[in-house]
Amino acid sequence: PGKAAYITFTSGSTGEPKGIVTTHAPLVHFIEWHTKRHSLSKDDCFSLLSGLGHDPVYRDVFTPLSIGAKVIIPAQSTVIDPSALATWIYKYQISIIHLTPPLGKLIETGTKLNDLKLNELRYLFWGGDALSNTLYEQMRAIAPSAISVNFYGTTETPQAMAYHPVD
């Protein structure tokens, strides 16, 4: 558990790039907590919407694989096209998404363009920026069954150090 698992590079608030060495223990702890706390299961279908060089990739890949769930990865061209992204989420019956508010706005725009409801979505795990009440309400309209959870965590504290279910 104390051995290095990966290095994530960040400039943080200093503007100077630095490598953060993370051991296995925090990631394993997060995955176990995340899975139990949110009743994630092998029946869920996770999306991988963050870039491969961004630290959420560890959570987005290892959480579903550790519980035998699916992880679906769209083409980059899909992620930047609101219509294609919403259609992709609908088509693959994605149930778990870790996302930022700008990505949420793309999804919301795409569902309106395609007149879709994302009824399979169970969880929207928000991070990386402030979630506005307006976007929260817009997402509730298009994904009425989804629970929104706001995560906060810096690169130095892998994945999340605080969370809040939004109501």
Which pair of non-hydrogen atoms, one from [X] and one from [Y], has the smallest distance, and what is that distance?
X	Y	answer
L49	P74	CD2-CG, 3.7 Å
S66	I31	OG-CG2, 3.3 Å
G127	P101	O-CD, 3.6 Å
A141	P144	O-CD, 4.2 Å
P26	T22	CG-CG2, 4.3 Å
V71	P64	CB-CG, 3.8 Å

Any carboxylate oxygen within less than 4.0 angstrom of a Lys/Arg side-chain nitrogen, looking at K105 and E108? yes
Can S83 and N114 be said to form a side-chain contact (heavy atoms from CB on, under 4.5 Å), step by step? CA-CA 7 Å; S83 180; N114 296 322; 3.1 Å; yes
Value rounded to 0.5 Å, distance of CZ in R122 from OG in S41: 6.0 Å
Give every donor-acceptor pair under 3.5 Å between a side-chain atom in residues 90-99 and any protein atom, sequence neighbours left out.
unit_1: S95; atom_1: OG; unit_2: D44; atom_2: OD1; d: 2.9
unit_1: S95; atom_1: OG; unit_2: C45; atom_2: N; d: 2.8
unit_1: S95; atom_1: OG; unit_2: C45; atom_2: O; d: 3.4
unit_1: H98; atom_1: ND1; unit_2: D60; atom_2: OD1; d: 2.9
unit_1: H98; atom_1: NE2; unit_2: H34; atom_2: NE2; d: 3.1
unit_1: H98; atom_1: NE2; unit_2: R59; atom_2: NE; d: 3.4

Do the ring planes of Y58 and F62 sit parallel (below 30°), tilted (30 to 60°) or perpendicular (above 60°)? parallel
Can you say whether the rings of F125 and F151 are parallel (under 30°), tilted (30 to 60°) or perpendicular (over 60°)? parallel
Shared hydrophobic cluster for V166 and M139 (ILVMFWY, side-chain gaps under 4.5 Å): yes
Is it the case that over 12 heavy atoms from other parts of the model lie below 6.0 angstrom from the NE2 atom of H24? yes
Does the pair T100 and D129 meet the rule for a side-chain hydrogen bond (donor to acceptor under 3.5 Å, both in side chains), with working shown? CA-CA 6 Å; T100 62; D129 206 348; over 6 Å; no
Verify the distance criterion only: is there a donor paired with an acceptor across the side chains of W126 and S148 at less than 3.5 Å? yes
With a 4.5 Å heavy-atom cut-off, do I142 and I107 have their side chains touching? yes
Starting from the C-alpha separation in whole Å, work towards a yes-or-no answer on side-chain contact (heavy atoms from CB on, under 4.5 Å) for L65 and F46. CA-CA 10 Å; L65 295 182; F46 290 68; over 6 Å; no
Take L118 and T111 through the test side-chain contact (heavy atoms from CB on, under 4.5 Å) and record every step on the way to the result. CA-CA 8 Å; L118 303 176; T111 57; 3.6 Å; yes
